[in-house]
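All values below come from the heavy atoms of this structure, side chains included, with hydrogens, waters and symmetry mates left out.
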Amino acid sequence: MASTLHHWLNGATYEGSGGRFSDVTNPATGEVSAQLALASEDDVKAVVAGAAAAFPGWRDTSLARRTQVLFAFRELLNARADELAAIITSEHGKVLSDARGEVARGQEVVEFACGIPHLIKGAFTENASTRVDVHSVRQPLGVVGIISPFNFPAMVPMWFFPLAIAAGNTVVLKPSEKVPTAALFMAQLWKEAGLPDGVFNVLNGDKVAVDGLLTHPDVQSISFVGSTPIARYVYETGTTHGKRVQALGGAKNHMLVLPDADLDLAADQAVNAGYGSAGERCMAISAVLAVGDIADALVQKIKERTVGLRTGDGTRGCDMGPLVTSASQERVSGYIDAGEAAGATVVVDGRDPEVDADGNGFFVGPTLFDHVTTDMSIYTDEIFGPVLSVVRVDSYAEGVQLINDNPYGNGTAIFTNDGGAARQFQNEVKVGMIGINVPVPVPMAYYSFGGWKNSLFGDTHAHGVEGVHFFTRGKVVTSRWLDPSHGGINLGFPQNS
């Protein structure tokens with residue numbers, strides 16, 4: 001019988017009163033592994049109330065003590081990273097090596113947050129006016145909400161909650177209902193690290209939980225990652241209710257390959273970036289723009305690498321795992337059908353793959369299209385699956401124009417050995433994250449992650465200094481300590497002197 005997963009409130013399991021449940025599935029086998037309790041409106045209120053009650057104490061906890069807890073969490077996460085990776089593989093489907101990499105990238109933000117005493121230092125100006133000093137401070141917001149997607153059950157929440165907690169906020173994390181166990185596992189690690197009860201909470205659910213966080217008056221901010229339509233909804237709803245919002249949306253990432261590029265390197269990286277995590281990454285490369293007469297050779301090299309990939313259960317040493325749900329499998333297969341019907345050349349067909357797995361998993365094999373045109377749905381839409389489309393362009397300028405005309409602006413890459421072309425590219429493209437001979441240019445934690453155009457709603461990117469500023473508010477204090485002998489009354493407007 002499948003187990004039941006609940007919420008996490010005040011340092012313990014909270015069953016709630018929702019009375020609604022959804023299935024948690026192993027996508028490699030199709031088997032239901034657990035039942036997940038979905039939050040009611042009362043559950044949202046209870047979890048937010050717990051976080052609000054914990055805020056004053058955590059806000060007033062010294063930076064030294066907060067940092068000790070962060071370091072303890074880091075050590076626990078390092079010690080148990082393989083356990084967390086196995087949880088991710090069992091619910092998302094990505095292969096174990098990819099899941100371990102996800103945990104490691106999330107850990108980078110924890111390590112960055114360990115420097116919080118330096119990151120939130122204010123400034124001080126002595127004697128700005130006669131015997132008047134001015135200084136600035138950054139203070140936490142209060143209760144902050146995090147709504148995370150299915151494709152990175154550990155890393156994406158860790159883009160946000162280490163900095164939020166380090167800065168003195170309390171957190172309500174709403175993970176995807178498809179992959180809830182990683183959030184609950186990390187909640188237990190925080191408790192073991194000594195985090196006070198109520199500072200980190202997990203609210204499981206669907207739209208009821210999302211809307212509850214977006215509208216609750218005690219939730220001060222929302223951090224979201226997901227599709228563009230939902231990101232827009234989160235941004236508009238959250239800001240309407242007076243919240244600070246960072247909402248990261250979808251993507252259609254291009255890789256421009258110039259004639260002077262190392263085609264073996266470009267082919268290797270196109271495969272890695274197109275099919276890693278079964279293409280379920282907002283930073284996946286889905287469109288390869290082949291410039292000039294290199295297209296035939298490049299497509300052949302990508303094909304040679306693609307047909308050798310092993311697809312199957314992520315615990316068996318395969319190269320690529322399943323998609324997260326049967327609905328995802330059907331949707332991605334439908335896009336392959338549409339691409340073929342529209343006239344694109346199917347170079348590698350993943351609709352009926354050989355897989356190394358038991359049961360009835362949700363598999364689509366690596367798929368490669370050539371001669372894709374910009375009016376085809378496989379080019380215009382974010383497929384979120386292992387489908388790589390090659391678009392042939394005549395020139396560098398045509399390739400850049402395609403990238404800039406796209407409504408998304410998350411990530412892009414150029415492959416070239418020409419430094420001048422690379423420098424021009426990074427200056428001209430209207431995209432937030434750019435790789436030069438790097439296909440998935442996810443920044444290090446001390447820089448900030450986020451795109452342009454329809455890939456980001458709100459002005460603040462994730463982690464880095466922008467993340468610190470998102471989870472804090474600035475105050476400026478002007479003070480005068482008068483000589484004890486001072487006296488008298490002056491009703492005039494204060495003047496600098």
Student check: side-chain heavy atoms of Ile146 and Lys174 closer than 4.5 Å: no
Those residues that, when tested against Phe369, pass ring-ring contact (aromatic ring centres under 6.0 Å, His included) (two or more places apart): none
Those residues that, when tested against Phe449, pass ring-ring contact (aromatic ring centres under 6.0 Å, His included) (two or more places apart): Trp159
Nearest non-hydrogen partners of Val202 and Ala183, listed with the distance: CG2-O, 3.8 Å
Ser223: partners by side-chain hydrogen bond (donor to acceptor under 3.5 Å, both in side chains), with sequence neighbours left out: Gln246
Please tabulate, for side-chain N and O atoms in residues 359-366, each donor-acceptor pair with protein atoms closer than 3.5 Å (sequence neighbours left out).
none

With Tyr335 via ring-ring contact (aromatic ring centres under 6.0 Å, His included) - residues at least two apart: none
Greater than 12 external heavy atoms within 6.0 Å of Arg423's CZ: no
Note, Lys94 side chain near Glu280 side chain (heavy atom, < 4.5 Å): no
Contacts of Arg316 that satisfy salt bridge (charged side-chain N to carboxylate O under 4.0 Å, His left out) - sequence neighbours left out: Asp356, Asp358
Test item: Tyr379 side-chain N/O and Val390 main-chain N/O as donor-acceptor pair under 3.5 Å: no
Donor-acceptor contact present, side-chain Asn417 to main-chain Asp260, <3.5 Å: yes
Side chain to side chain, Phe415 and Leu256, heavy atoms closer than 4.5 Å: no
Side-chain donor or acceptor of Lys252 paired with backbone N/O of Gly409 under 3.5 Å: no
Asn410 and Met283: CA distance, side-chain angles, deciding distance, side chain to side chain contact (heavy atoms under 4.5 Å, CB included) verdict: CA-CA 7 Å; Asn410 210 44; Met283 289 294 284; 3.3 Å; yes
Criterion side chain to side chain contact (heavy atoms under 4.5 Å, CB included) on Ile120 and Leu63, from CA distance to verdict: CA-CA 10 Å; Ile120 62 170; Leu63 283 169; 3.8 Å; yes
Asp319 side chain to Arg310 backbone, donor-acceptor under 3.5 Å: yes
With sequence neighbours excluded, residues passing side-chain hydrogen bond (donor to acceptor under 3.5 Å, both in side chains) with Arg351: Asp337, Glu340, Asp349
Residue pair Gln107 / Arg74, side-chain heavy-atom distance below 4.5 Å: yes
Phe73: partners by ring-ring contact (aromatic ring centres under 6.0 Å, His included), with sequence neighbours left out: Trp190
Pro175 vs Ser148 side-chain heavy atoms within contact, under 4.5 Å: yes
Gln269 vs Asn272, side chain to side chain contact (heavy atoms under 4.5 Å, CB included): CA-CA, chis, key distance, verdict: CA-CA 5 Å; Gln269 299 307 317; Asn272 294 339; 3.6 Å; yes
Check ion pair Arg105-Glu102 (N to O, under 4.0 angstrom): no
Short side-chain to backbone donor-acceptor contact, Asp268 and Leu263, under 3.5 Å: no
Chi angles and distances behind the side chain to side chain donor-acceptor pair (under 3.5 Å) call for Thr25, Asp23: CA-CA 6 Å; Thr25 306; Asp23 291 340; 5.6 Å; no
Stepwise side chain to side chain contact (heavy atoms under 4.5 Å, CB included) test for Ile403 and Leu289: CA-CA 9 Å; Ile403 295 170; Leu289 307 181; 3.9 Å; yes
Polar contact flag, side-chain donor to acceptor under 3.5 angstrom, Thr325-Ser328: yes
Basic-acidic side-chain contact under 4.0 Å: Lys301, Glu304: no
Backbone of His6 reached by a side-chain donor or acceptor of Asn204 within 3.5 Å: yes
Donor-acceptor contact present, side-chain Thr367 to main-chain Val387, <3.5 Å: no
Heavy-atom closest pair, residues Leu38 and Ser22: CD2-OG, 3.7 Å
Test of ring centre spacing under 6.0 Å for His463 and Phe470: no
4.5 Å side-chain heavy-atom contact, Val103 and Met155: no
Those residues that, when tested against Asp370, pass side-chain hydrogen bond (donor to acceptor under 3.5 Å, both in side chains) (two or more places apart): Arg392
Intermediate values then yes/no, side chain to side chain donor-acceptor pair (under 3.5 Å), Asn253 and Thr412: CA-CA 5 Å; Asn253 303 319; Thr412 189; over 6 Å; no
Contact summary for Ile434 and Gln426, nearest pair of heavy atoms: CD1-O, 3.6 Å
Salt-bridge present (Glu192, Arg80; N to O < 4.0 Å): yes
Side-chain heavy atoms of Val271 within contact of Leu309, under 4.5 Å: yes
4.5 Å side-chain heavy-atom contact, Leu203 and Leu173: no
Asp313 side chain to Thr29 backbone, donor-acceptor under 3.5 Å: no
Contacts of Gln329 that satisfy side-chain hydrogen bond (donor to acceptor under 3.5 Å, both in side chains) - sequence neighbours left out: none
Heavy-atom donor-acceptor pair, Arg138 side chain to Phe471 backbone, under 3.5 Å: no
Evaluation steps, salt bridge (charged side-chain N to carboxylate O under 4.0 Å, His left out), between Lys178 and Glu91: CA-CA 7 Å; Lys178 300 179 182 70; Glu91 292 184 351; over 6 Å; no
Over 12 foreign heavy atoms within 6.0 Å of CG, Asp352: no
Salt bridge (charged side-chain N to carboxylate O under 4.0 Å, His left out) partners of Lys207, counting only residues at least two apart: Asp211
Under 3.5 Å donor-acceptor, Ser33 side chain and Val24 backbone: yes
Pairwise side chain to side chain donor-acceptor pair (under 3.5 Å) hits with a residue in residues 442-462, at least two apart: none
